[in-house]
Amino acid sequence: MKNTMNGIDVCITRLYHLAGKGIEGYRRQALTELAQIIDFDGALWGTGHLNSSGFHSVDVLGVDESYPIALAENKTINPFYDALKRMPGCVVELSMIMDDETFYQSELYQTFFSRYGVERVMGLILEDESTGIVSLVSLYRFAREKNFSDDDKNILQRMMHHLVNAVSHAYFLHLERQNDAPNKAALAICDKYGLFFEAQPRFIEILQQYYPDDPLGRLPFDLQEKKEVLVQQGLHLDKKALGDLFCISLWEESPFDRLSIREKEVVQAITRGLSFKEAARELGVAPSTVSNHLYKVYRKLNISSRSELALVVNPR
């Protein structure tokens, strides 16, 4: 047991260490680490909303990539997820819901689980009431005779909190490192439905200012909504894909946003301290072109010096 405890401590340390290396593929890496202390053949880590009928974001390990889709298609005959939702924070084993004889003769096993070689299932759901996010980790064994033990359940119970906290830390670190965000934008990580996984305080402040009547915890507009619609309201938005999640940049319109793309490139080069020659070399244009663009920028922004320009680019 002592060796197992040491292994748990090492696994926890590894989870937070991996969080510092980036978020793409993090959950699958975390499940791989979990496999070092719990013997399982396959796993699923899904996230969604308390009121969602399915997962918004999901990763699998050791099972076919089509597994989550098939799982959703069979939810009407699968009592496991409902049992997990009834007992959030508690480990549930499928054998606690259906005895073996009933399970192995059921439509659920014969049309779904057996297709993926799944013989034993246990899982745990955690709810975050502040965000409405639900996180589920399910573990699978492919040998019928290998039941999950009480030790397995206790380890998953302890590790689930660290899994959720570590991935949240990974999201936080990712946002902190985004130094290239336009005009020092406020940032958030969300799924395709706009559900926040992490958001900077300034991001929430902007949304409260422009959408005071909308609930917090998710974007008050569709991610597919045309940017022009937001611009009319005085906001600018950009997004970058992070696997099946997105990093969202949101900022209020400033004079800088009214510059052309080339003018913005010139401004960014100059405010980094480059000379006209250095900026011209970087942009592949003549120094006189840089000078002309900068002259136009000064007129558009009604300024006359680099120090004033720096304040426009970074008002904070």
Side-chain angles (χ1 to χ4, degrees), residues 20-24 170-190 194 196-211 219-243 245-316:
K21 295 186 174 182
I23 63 175
E24 292 190 62
Y171 297 147
F172 172 80
L173 291 176
H174 180 85
L175 296 185
E176 288 295 299
R177 291 168 179 163
Q178 302 310 298
N179 297 322
D180 60 343
N183 208 29
K184 299 299 179 183
L187 305 172
I189 292 175
C190 67
F196 296 153
F197 284 64
E198 190 71 34
Q200 295 178 335
R202 178 58 184 154
F203 193 96
I204 302 299
E205 289 174 8
I206 293 175
L207 291 183
Q208 287 179 313
Q209 178 182 344
Y210 285 83
Y211 297 90
L219 289 175
F221 47 79
D222 194 318
L223 263 182
Q224 305 305 318
E225 187 174 346
K226 292 183 178 180
K227 295 182 181 180
E228 291 77 8
V229 176
L230 293 177
V231 171
Q232 290 172 7
Q233 298 173 7
L235 288 178
H236 287 256
L237 176 142
D238 193 20
K239 65 179 180 181
K240 294 181 180 178
L242 299 169
L245 300 177
F246 296 93
C247 182
I248 305 299
S249 305
L250 189 67
W251 67 98
E252 295 176 283
E253 187 175 50
S254 73
F256 181 76
D257 294 305
R258 294 193 286 272
L259 302 180
S260 69
I261 294 176
R262 178 57 85 185
E263 287 169 346
K264 289 178 182 178
E265 291 173 343
V266 168
V267 168
Q268 289 165 347
I270 294 300
T271 53
R272 288 189 354 248
L274 299 184
S275 67
F276 284 177
K277 286 185 178 180
E278 291 169 332
R281 189 180 306 115
E282 182 176 285
L283 298 175
V285 298
S288 59
T289 302
V290 172
S291 177
N292 290 336
H293 278 305
L294 196 58
Y295 174 73
K296 293 177 182 178
V297 167
Y298 280 5
R299 291 191 62 183
K300 284 185 177 181
L301 302 182
N302 194 28
I303 59 176
S304 58
S305 68
R306 289 194 181 202
S307 58
E308 289 180 286
L309 182 63
L311 287 174
V312 171
V313 174
N314 185 9
R316 294 176 182 273

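Below, each value reflects all heavy atoms present in this structure, side chains not excepted, and no hydrogens, waters or symmetry copies.
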Exercise. Please report the closest heavy-atom contact between L175 and L187, naming both atoms and the distance.
Key: O-CD1, 3.5 Å
Exercise. Return the minimal non-hydrogen interatomic distance between T271 and Q268, and the atom names on each side.
Key: OG1-O, 3.3 Å
Quiz prompt | CG on L207 to CG on L250, rounded to 0.5 Å | solution = 6.0 Å
Quiz item: Does CZ in F172 sit with more than 12 non-hydrogen atoms of other residues, nucleotides or ligands closer than 6.0 Å?
Solution: no
Exercise. Would you indicate whether K277, at its atom NZ, is surrounded by more than 12 heavy atoms from other residues, nucleotides or ligands within a distance under 6.0 Å?
Key: no
Practice problem: I would like to know whether T289 and L283 meet side-chain contact (heavy atoms from CB on, under 4.5 Å); could you show each step before the answer? | Solution: CA-CA 10 Å; T289 302; L283 298 175; over 6 Å; no
Practice problem: Please work out which of the three classes, parallel, tilted or perpendicular, describes the rings of W251 and H236, given edges at 30° and 60°. | Solution: parallel
Quiz prompt | Which atom of K300 lies closest to which atom of S260, heavy atoms considered | solution = NZ-N, 4.3 Å
Quiz prompt | E198 (side chain) donor-acceptor with I189 (main chain) under 3.5 angstrom | solution = no
Practice problem: Show your reasoning for whether side-chain contact (heavy atoms from CB on, under 4.5 Å) applies to F203 and L219. | Solution: CA-CA 10 Å; F203 193 96; L219 289 175; 3.8 Å; yes
Quiz prompt | Pairs satisfying salt bridge (charged side-chain N to carboxylate O under 4.0 Å, His left out), at least one member in residues 283-298, at least two apart | solution = none
Quiz item: Is the backbone N or O of S304 less than 3.5 Å from a side-chain atom of E308, with the two atoms forming a donor-acceptor pair by type?
Solution: yes
Self-check item: Chi angles and distances behind the side-chain contact (heavy atoms from CB on, under 4.5 Å) call for V266, V297
Solution: CA-CA 9 Å; V266 168; V297 167; 5.8 Å; no
Exercise. Return the minimal non-hydrogen interatomic distance between A279 and I270, and the atom names on each side.
Key: CB-CD1, 4.2 Å
Self-check item: Atom of I204, atom of A199 and distance for their closest heavy-atom approach
Solution: CD1-CB, 3.9 Å
Exercise. Locate the shortest heavy-atom distance separating A286 from A280; write the atom from each residue and the value.
Key: C-CB, 3.7 Å
Exercise. Could you check E278 against R272 for salt bridge (charged side-chain N to carboxylate O under 4.0 Å, His left out), going step by step and ending with a plain yes or no?
Key: CA-CA 11 Å; E278 291 169 332; R272 288 189 354 248; over 6 Å; no
